[in-house]
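Read the structure below first, then the notes.
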Amino acid sequence: MRNTIEWMVGGQQGEGVDSTGELFAKTLVRYGYSVSTYKQFMSRIKGGHTNYKIKATDERNYYSGDGIDILLCLDKETLTNHEDVLNANAVVIQEGKETKVETENTPEGKPFTVFTVPLKKIAKDLGNPMAKNMIALGISASLVKLPIDILHSFIEEIFAKKGEEVISSNKQAVLKGFELTNEHISNQINELKTPSEKDHLFISGNEATAFGSLMAGCRFLSAYPITPASEIMEWLSQELPKVGGTVMQVEDEIAGICFAVGASYSGVRAMTSTSGPGLSLKTEALGMAGISEVPIVIVNSQRGGPSTGLPTKHEQSDIQHMIYGTHGEIPRIVLSPATIEDAFYMAAESFNLAEVYQCPVLVALDLGLSMNKMTVPSFDTKRVKINRGKLLTQEEVKEFDETHFKRYRLTDDGISPRPLPGMEHGVHTTSSNEHDESGYISEDPENRINMMKKRLEKVRHAMVQEPFKVSGDMDTSDILFVGMGSTYGMIQESIKQLNEEGVVNASHIHLQQLYPLPIDELDPLLQGKRIVTVENNYNGQLLQLLKQYAPIHDRASSITQYDGNPFTVKSIVKQVKELISWQH
Amino acid sequence: MRNTIEWMVGGQQGEGVDSTGELFAKTLVRYGYSVSTYKQFMSRIKGGHTNYKIKATDERNYYSGDGIDILLCLDKETLTNHEDVLNANAVVIQEGKETKVETENTPEGKPFTVFTVPLKKIAKDLGNPMAKNMIALGISASLVKLPIDILHSFIEEIFAKKGEEVISSNKQAVLKGFELTNEHISNQINELKTPSEKDHLFISGNEATAFGSLMAGCRFLSAYPITPASEIMEWLSQELPKVGGTVMQVEDEIAGICFAVGASYSGVRAMTSTSGPGLSLKTEALGMAGISEVPIVIVNSQRGGPSTGLPTKHEQSDIQHMIYGTHGEIPRIVLSPATIEDAFYMAAESFNLAEVYQCPVLVALDLGLSMNKMTVPSFDTKRVKINRGKLLTQEEVKEFDETHFKRYRLTDDGISPRPLPGMEHGVHTTSSNEHDESGYISEDPENRINMMKKRLEKVRHAMVQEPFKVSGDMDTSDILFVGMGSTYGMIQESIKQLNEEGVVNASHIHLQQLYPLPIDELDPLLQGKRIVTVENNYNGQLLQLLKQYAPIHDRASSITQYDGNPFTVKSIVKQVKELISWQH
Amino acid sequence: MATLKDLRGDQPTWCPGCGHFSIMAGIQKSIIQLGYEPHDFAIISGIGCSGKVSEYVRTNGFHTIHGRSVPVAQGVKMGNPDLKVIASGGDGDGYGIGLGHFVHAARRNIDMSYIVMDNNIYGLTKGQTSPRSEHGFVTKTTKGGNKEYPVDPVSTSIANGATFVAQAFAGDIKQMTEIIEKAIEHKGFSHVNIYSPCVTFNKINTYEFYKERLTKFDEPFDTREEALSAVRAHDGLVTGILYNEKRDDYQEKLGIDFDMQSCVSGDMDEELFHKFKKQFQ
Amino acid sequence: MATLKDLRGDQPTWCPGCGHFSIMAGIQKSIIQLGYEPHDFAIISGIGCSGKVSEYVRTNGFHTIHGRSVPVAQGVKMGNPDLKVIASGGDGDGYGIGLGHFVHAARRNIDMSYIVMDNNIYGLTKGQTSPRSEHGFVTKTTKGGNKEYPVDPVSTSIANGATFVAQAFAGDIKQMTEIIEKAIEHKGFSHVNIYSPCVTFNKINTYEFYKERLTKFDEPFDTREEALSAVRAHDGLVTGILYNEKRDDYQEKLGIDFDMQSCVSGDMDEELFHKFKKQFQ
Ligand SMILES: Cc1ncc(C[n+]2csc(CCOP(=O)(O)OP(=O)(O)O)c2C)c(N)n1
Ligand SMILES: Cc1ncc(C[n+]2csc(CCOP(=O)(O)OP(=O)(O)O)c2C)c(N)n1
Ligand code: SF4
Ligand code: SF4
Ligand SMILES: [Mg+2]
Ligand SMILES: [Mg+2]
């Protein structure tokens with residue numbers, strides 16, 4: 001009995017690769033497994049190779065895996081592209097004239113079984129040519145002895161509107177798959193251990209971010225479509241109206257942030273979501289939110305840059321722009337959830353931070369985290385409490401008894417009580433110009449100094465609940481990996497492997513708050529160790545960030561990947577080994 | 001006989017403060033003095049205090065000075081605002097009912113003379129009420145015994161179109177000024193030493209930048225009005241048509257950069273000029289220039305940020321945005337001329353670098369450098385030779401003999417030969433998407449790696465003629481000041497004073513190339529010394545930049561000023577002393 | 001009831017004689033005459049001499065960035081449907097850099113007013129050509145005369161679905177104020193372009209220029225076609241409400257029971273969580 | 001003479017049946033029929049399915065960024081007045097994010113053609129509402145139907161001074177190609193909006209939809225007013241050259257003896273330096 005399975009379906013875009021993958025993933029989820037997935041696709045609508053990768057384990061797993069146990073090929077490219085990562089004794093399912101089973105070897109000499117099946121013909125015979133992928137799913141499921149009922153009940157759900165005939169032909173297709181396996185390759189069946197029962201969700205980083213935002217009271221999102229962020233807008237445009245909120249797809253990304261700033265100014269928890277090109281366009285208005293002290297959440301789902309770059313590929317290369325972008329100097333907070341559950345919690349926290357500190361909060365996702373689904377423990381609604389900061393009620397505003405409310409009142413903590421437009425006695429001025437306490441333009445040098453200090457100091461100690469994740473033995477480890485975003489799972493697994501192989505004694509910090517960098521907390525952990533950042537960009541932006549705060553220059557380096565794909569454990573391990581051998 | 005004079009005129013905006021200041025400055029220039037100026041003004045058209053400060057010396061001078069010898073007050077605020085910086089024995093000229101001379105003391109107890117004159121009345125009596133400032137200029141000139149002919153000849157030039165009468169009344173006004181001085185305060189006359197003859201220009205940083213660009217062959221500028229950059233556009237819109245080029249004032253800053261990118265793509269040396277808010281808007285298109293490898297020069301004349309901020313005030317706070325702004329990673333070069341003559345040369349060099357490295361070049365000015373005029377030695381046209389890099393001629397293109405020209409050909413130095421659209425056999429594709437050598441979209445990982453390396457490595461060793469200025473004794477100095485932009489003169493004078501007072505043994509590096517930072521060249525100079533950056537921003541952006549490249553964290557700090565005004569020598573010296581005493 | 005004093009904000013710094021003074025007064029008067037209080041309003045302005053109006057009229061004000069008053073204002077209204085929202089700014093701000101937002105706002109029809117202070121020039125940056133400057137207009141950047149033709153703002157909003165389009169003149173405060181009042185009371189996006197002479201930099205489009213040339217229309221045209229033709233026939237030199245149509249505004253059309261502001265500090269809503277959670281199981 | 005083969009660039013990746021194929025063919029044919037060579041042209045495109053046209057038609061191409069093809073294209077023409085310049089892109093690209101640039105280009109009248117591939121939807125990002133989507137149109141982000149009204153692109157360019165405005169349909173290649181040819185030969189800014197069905201995401205604005213509804217005009221209208229009225233009367237569902245006017249283009253108006261490209265490696269021009277230097281002395 002096995003407790004892990006790696007599965008992939010590949011084919012041409014528009015051929016149902018996505019839905020086939022998603023269905024198999026959900027089947028495994030419903031069976032009780034922890035599932036991580038990764039979709040690869042191209043910047044076109046039809047055609048071009050795409051694939052959907054799944055790794056399922058009976059314990060929590062954060063990474064969709066390097067290898068493949070079952071490979072479902074809907075086109076020729078699939079096998080060519082992925083043959084080299086097949087695990088030993090993998091099964092490859094492919095279309096062919098007649099059913100046959102052959103054994104082949106990977107370039108590295110691992111044996112695998114090629115199961116050729118006339119899927120199209122069988123589906124046609126079943127009276128439903130569309131059901132060919134279902135046969136293949138049946139084969140897949142039967143190879144690990146998943147209960148057929150799960151697939152069958154999904155089929156009932158998915159095709160509920162299509163009628164009994166479609167349901168039945170699809171069910172038969174699955175059954176046929178089971179039969180084909182039993183008939184031809186029963187020696188390959190390797191049953192999955194029954195997992196223990198868990199309360200978990202199968203959700204993408206985008207969905208978790210959107211869900212967390214909604215739960216934190218966000219009621220307005222204005223944005224412009226862009227891969228890989230569109231899903232956030234799409235999910236919220238479905239769900240927000242149910243709670244009295246709304247999504248606006250506006251004319252461009254500048255409007256995206258400006259609408260959200262306006263809505264936030266009027267008292268709503270508001271956000272905008274985008275990816276690189278949109279983030280760059282928002283750069284000017286980001287500064288407006290900063291100086292005018294309007295809370296705002298900006299989700300940046302990173303993709304391959306620069307410019308239009310690689311719009312459907314993974315990258316983590318907007319770090320510096322998020323921290324330093326916009327002219328002049330503003331208060332800001334930059335977060336970067338490590339996992340999908342962190343995306344939920346940090347999205348929620350970002351609204352708190354935005355309102356408590358009255359400043360823009362940027363939440364960095366990356367394509368890997370944004371678009372791929374994983375199984376996560378159901379979220380804890382008690383973990384993040386809603387905190388609206390110094391937002392005043394109508395009654396509180398009245399007590400100030402001012403004709404023109406001092407919106408930018410100087411206070412000890414730099415944060416000013418905030419009335420809302422519409423409140424009696426709360427009439428106030430908000431401004432992108434340098435202003436005095438009343439919000440009116442001021443060019444007075446002394447006022448300027450006060451206002452700059454107010455704004456830039458107030459966020460200095462802002463801190464999210466978990467500014468970074470630490471693992472490994474900080475006292476004894478001689479190498480410290482530092483990462484952010486969706487590399488979490490790969491780094492964890494790489495360390496496990498490296499430690500097991502006895503290559504290094506490694507520890508791991510995964511940063512979740514990039515700005516203000518929690519340097520006081522990090523500093524003791526950085527002492528004395530070899531530091532290796534693992535990041536999906538060319539310049540080693542995380543490394544540059546760390547160097548700015550800590551003089552680690554002679555013992556720090558980075559492992560980078562910027563080809564549009566996520567790291568594999570294999571490639572991290574390889575690069576670490578090279579790094580180490582080179583040092584000796 | 002004196003060899004230096006500090007003069008200021010102050011008044012309400014729209015009252016001729018500027019033109020009066022400029023005329024006096026030019027008079028001193030024509031007399032042969034080296035003049036530095038600083039204008040202060042507000043973000044409104046009429047009203048509000050403004051002033052024009054001049055320091056003239058018989059040797060080269062880079063700073064408009066801390067003190068005032070002659071203060072011309074066109075409003076009440078002028079004296080109130082500037083009394084504390086009057087030099088001993090200063091003369092204050094002010095409007096009043098009747099002519100009188102009084103002696104007063106500054107808050108620090110320095111004596112000064114107040115010369116009250118019924119300027120308006122006298123001007124009216126001369127038949128030209130507009131000439132009142134001319135009387136005051138006459139007084140100013142006579143107090144340092146400038147030849148009256150210089151002023152008279154200027155009057156002839158300025159009022160040439162207004163006719164004999166205006167000319168004569170203005171001449172008389174000046175004469176009247178001379179007479180009043182002789183009559184009432186002859187004991188204050190302190191003649192300026194006659195300077196040696198020099199071939200020099202009186203020019204602002206904006207003008208020098210524009211002039212340098214034109215001389216380097218720039219024939220197209222597209223931009224949008226914004227203080228303090230507008231002057232570049234305005235100057236070139238006058239001059240470019242004379243050489244077959246043109247300026248376009250377009251609908252916004254995004255169009256500003258896009259037009260220039262388009263013009264450059266078609267083979268013209270092209271630029272755009274802007275300030276902070278415009279720079280932020282150009283962030284996305286900057287990335288396009290980077291990945292598509294289109295040469296482009298972006299001049300950013302910095303002002304008080306963030307957002308609208310302090311639009312008419314001085315700051316140096318866009319450093320990080322210029323280096324890190326835009327999503328993803330692009331080749332770029334960031335320059336920052338230290339002086340007005342460097343602005344000329346570096347503007348010219350920026351076009352070379354843009355074309356040699358086929359990438360965007362950002363030229364950072366700051367308001368102090370942009371808007372104020374100084375006397376500079378006439379420029380050396382031999383210093384920067386035009387270099388168009390790998391731009392191909394029609395003949396060269398033909399030799400490649402390709403159907404579709406490989407615009408992004410991989411080469412040893414990462415730079416690809418560049419045909420122009422319109423050339424026979426040169427048909428090629430330029431793209432903001434990741435592309436292969438032919439310019440066509442490519443999502444292939446290996447191609448991606450090659451292209452990223454090509455683009456990001458090609459600029460690694462780009463270097464301007466003078467990447468930084470060094471002064472002081474690098475071997476013996478125990479403190480090293482690092483600055484950029486218009487602080488050059490103040491830092492130099494501060495060091496002189498600090499060295500003279502024996503406070504420290506200081507040296508000075510003024511960075512002119514911010515990215516790629518010439519760290520190999522800088523590193524030996526940074527060794528062992530206490531490092532103090534002097535910069536006009538809050539966060540110490542230069543300091544952060546240095547720290548990123550060198551582990552100087554425990555011996556580096558910054559002196560900052562961010563109130564909208566430039567440093568004074570006094571304030572630098574004071575802060576250095578504090579820093580040193582605090583260290584002991 | 002609010003008085004003029006209540007509606008006075010910061011001390012204006014405009015040049016004496018600037019048309020913007022009259023527009024400010026027109027907005028103040030309209031608010032008073034319609035019986036609103038300062039806190040009922042939010043004035044969202046752009047950057048320019050004109051942009052300062054949000055600090056000079058004492059209502060809630062947001063002095064935003066150049067060209068973005070209209071998207072910010074729409075967001076404000078979306079966030080609080082009870083607020084009266086006015087966006088305001090210059091011709092450069094609104095028809096130059098902000099032109100796209102303006103057209104999209106016209107077709108979106110959110111309930112707000114957009115008052116443009118049109119002086120056919122860039123005032124605050126000292127007199128460059130604006131997208132409303134006449135063909136041939138001479139400025140610092142167009143010494144040989146402007147080679148472009150001006151944007152036609154009222155035709156553009158009429159053609160793109162604005163439900164209230166008017167034009168006024170700062171030299172005729174009475175008509176202007178009437179128009180502003182109606183624009184404020186109009187349910188939907190109302191666009192008011194107001195000729196507002198820049199006495200410092202624009203020596204062509206002066207008070208006299210407009211007085212001599214403007215044609216006043218007392219009634220809106222029945223159809224967009226007629227309004228378009230009239231505007232063109234007079235080369236844009238018309239005043240009055242040009243077009244006015246009743247139509248559900250954007251928020252009404254959404255048909256959402258808005259509940260945007262009720263979020264309070266404290267626990268997340270557990271019940272809501274479980275409702276939404278289901279779809280991920 | 002160039003053949004179709006000469007004008008074939010990269011292999012198109014559009015969905016089979018996409019209207020963009022016909023527009024690509026229309027551009028290729030026009031270039032051939034007018035007797036130009038591939039190197040005479042530069043096609044400047046934005047981002048979208050449509051934006052790929054600059055890689056599929058083998059002329060000089062610049063695949064720029066989303067919404068900015070028009071300003072880049074104008075810059076290209078300014079830099080080399082001898083090039084034939086076409087800007088092209090989608091309706092989202094041109095009338096959404098790029099709307100401002102489009103209107104300013106219309107009033108500026110630089111000699112180039114702007115061909116918009118209008119499928120009333122955002123194709124490449126998988127089917128969201130575009131500023132050209134009908135009121136009520138249902139997409140992922142507008143489940144309850146689009147609450148906005150579409151931009152009227154041809155009215156907008158007509159109202160703002162464009163000197164050549166036409167509309168075509170990808171389903172009528174003959175008329176479309178004729179129009180593109182005339183647009184290319186027009187001296188000044190020519191705007192061609194082409195209905196180009198997205199067969200994958202837009203199930204409303206199909207080939208049939210347009211075939212049934214389009215009214216063809218064979219002659220341009222004499223005045224802008226008439227053109228505007230006709231467009232409105234048919235709810236924008238017209239094809240043909242709607243308006244066409246001879247007028248000096250922007251570069252002619254500038255009256256500059258352009259000398260943009262003559263800069264060569266070597267010394268600065270000493271004489272020129274001394275000429276300009278004087279003003280600073
Ligand atoms: C993004 C940006 N670009 C440019 C500027 C500079 N700027 C300030 S006001 C202005 C134009 C003002 O003209 P208009 O909108 O017509 O207002 P007016 O001053 O004429 O009332 C410009 C270009 C800016 N503040 N921000
Ligand atoms: C600044 C920016 N925002 C968003 C995107 C994402 N994006 C790519 S294409 C596109 C819309 C395409 O629609 P359209 O212009 O109508 O072209 P079509 O695909 O329909 O031909 C969007 C929003 C982007 N590339 N850049
Ligand atoms: S410059 Fe013109 S627009 Fe600005 S305040 Fe003065 S008169 Fe008014
Ligand atoms: S998605 Fe639509 S627009 Fe894009 S290629 Fe397919 S059919 Fe054409
Ligand atoms: Mg204006
Ligand atoms: Mg489209």
Side-chain angles (χ1 to χ4, degrees), chain A residues 42-43 275-277 279-281 283-284 286-288 290-292 300 302 304-313 315 317-318 320-321 323-330 431-434 441 443 445-446 448-449 452-453 456 537-539 544 547-554 562-565, chain B residues 42-43 275-277 279-281 283-284 286-288 290-292 300 302 304-313 315 317-318 320-321 323-330 431-434 441 443 445-446 448-449 452-453 456 537-539 544 547-554 562-565:
Chain A
M42 294 177 82
S43 183
S275 185
L279 183 72
S280 285
L281 282 172
T283 306
E284 195 207 1
L286 171 68
M288 165 171 70
I291 191 171
S292 64
N300 176 36
Q302 299 172 90
S307 199
T308 312
L310 287 172
T312 62
K313 301 290 169 187
E315 204 164 273
S317 59
D318 303 345
Q320 292 177 323
H321 180 84
I323 296 176
Y324 305 113
T326 209
H327 64 285
E329 295 161 305
I330 58 164
S431 181
S432 78
N433 285 275
E434 190 54 276
I441 290 181
E443 304 182 46
E446 210 166 314
R448 166 68 171 183
I449 292 170
M452 284 291 279
K453 282 197 181 144
L456 295 168
N537 59 58
Y538 188 90
N539 286 327
Q544 294 190 353
K547 283 185 184 169
Q548 185 184 306
Y549 288 91
I552 54 173
H553 301 53
D554 56 351
Y562 45 85
D563 66 356
N565 296 313
Chain B
M42 294 177 82
S43 182
S275 184
L279 184 70
S280 285
L281 281 172
T283 306
E284 194 205 1
L286 172 67
M288 164 170 71
I291 191 171
S292 64
N300 175 35
Q302 299 171 91
S307 198
T308 314
L310 288 172
T312 62
K313 301 291 169 187
E315 204 164 273
S317 58
D318 303 345
Q320 291 175 325
H321 180 86
I323 296 174
Y324 305 113
T326 210
H327 64 285
E329 295 161 304
I330 57 164
S431 181
S432 79
N433 285 276
E434 190 55 276
I441 290 181
E443 304 181 47
E446 208 165 318
R448 165 70 169 182
I449 292 170
M452 284 293 276
K453 281 197 181 144
L456 294 167
N537 59 58
Y538 188 90
N539 286 329
Q544 295 189 350
K547 283 184 183 167
Q548 185 184 307
Y549 287 93
I552 53 173
H553 300 54
D554 57 351
Y562 46 85
D563 67 355
N565 297 312

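Only heavy atoms go into these numbers, but all of them, side chains included; no hydrogens, no water, no symmetry mates. Everything numeric here is computed off the predicted structure, so don't read it as measured data. Letters A, B, ... mirror the listed sequences (proteins, then strands); counts begin at 1.
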- Query: B/Ile449 versus chain A, heavy atoms under 4.5 Å apart: side chain, backbone, both or neither?
  - Reply: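 Its backbone and side chain both get close to chain A.
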- Quick one: what part of B/Asn565 sits under 4.5 Å from any heavy atom of chain A, side chain, backbone, both or neither?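 Looking at B/Asn565, just its side chain touches chain A.
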- Item | Exercise: do A/His321 and A/Thr283 side chains pair donor with acceptor under 3.5 Å |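 Side chains of A/His321 and A/Thr283: pair found under 3.5 Å.
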Contact leader toward chain A among [options], where contacts are heavy-atom pairs under 4.5 Å:
options                                : result
B/Leu456, B/Ile330, B/Leu279           : B/Leu456
B/Gly290, B/Pro445, B/Ser431, B/Gly328 : B/Gly328
B/Ser432, B/Ser317, B/Ala550, B/Pro311 : B/Ser432
B/Glu284, B/Lys313, B/Lys547           : B/Glu284
B/Gly287, B/Gly564, B/Gly305, B/Pro551 : B/Pro551

- Item | Side-chain touch B/His553/A/His553, heavy atoms, less than 4.5 angstrom |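 Yes, their side chains come closer than 4.5 Å.
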- Do A/Gln302 and A/Ser275 have side chains that get closer than 4.5 Å, going by heavy atoms?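 A/Gln302 does not reach A/Ser275 side chain to side chain.
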- Relative to chain B, which of A/Glu446, A/Lys453, A/Met288 shows the most heavy atom pairs under 4.5 Å?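 Among the listed options, the one with the most contacts to chain B is A/Lys453.
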- Using a cut-off of under 4.5 Å for heavy-atom pairs, which of A/Leu286, A/Asp554, A/Leu281, A/Asn300 has the most such pairs with chain B?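 Max contact count across the listed options: A/Leu281.
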- Do A/Gln320 and A/Gln544 pass the side-chain contact (heavy atoms from CB on, under 4.5 Å) test, and can you show the C-alpha distance, the side-chain angles, and the key distance before you say yes or no? CA-CA 9 Å; A/Gln320 292 177 323; A/Gln544 294 190 353; 2.6 Å; yes
- Message: A/Glu315: which residues meet the salt bridge (charged side-chain N to carboxylate O under 4.0 Å, His left out) condition with it, sequence neighbours left out?
- Response: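 By the salt bridge (charged side-chain N to carboxylate O under 4.0 Å, His left out) rule, A/Glu315 matches B/Arg448.
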- B/Glu329: what forms a salt bridge (charged side-chain N to carboxylate O under 4.0 Å, His left out) with it, not counting sequence neighbours?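 Expected list: none.
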- Measure the spacing between OG of B/Ser280 and CG of B/Asp318 and express it to the nearest 0.5 Å.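 One finds 7.0 Å between OG of B/Ser280 and CG of B/Asp318.
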- Task: Measure A/Thr312 against the heavy atoms of chain B and call it side chain, backbone, both or neither at under 4.5 Å.
- Result: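 Interface part for A/Thr312: side chain.
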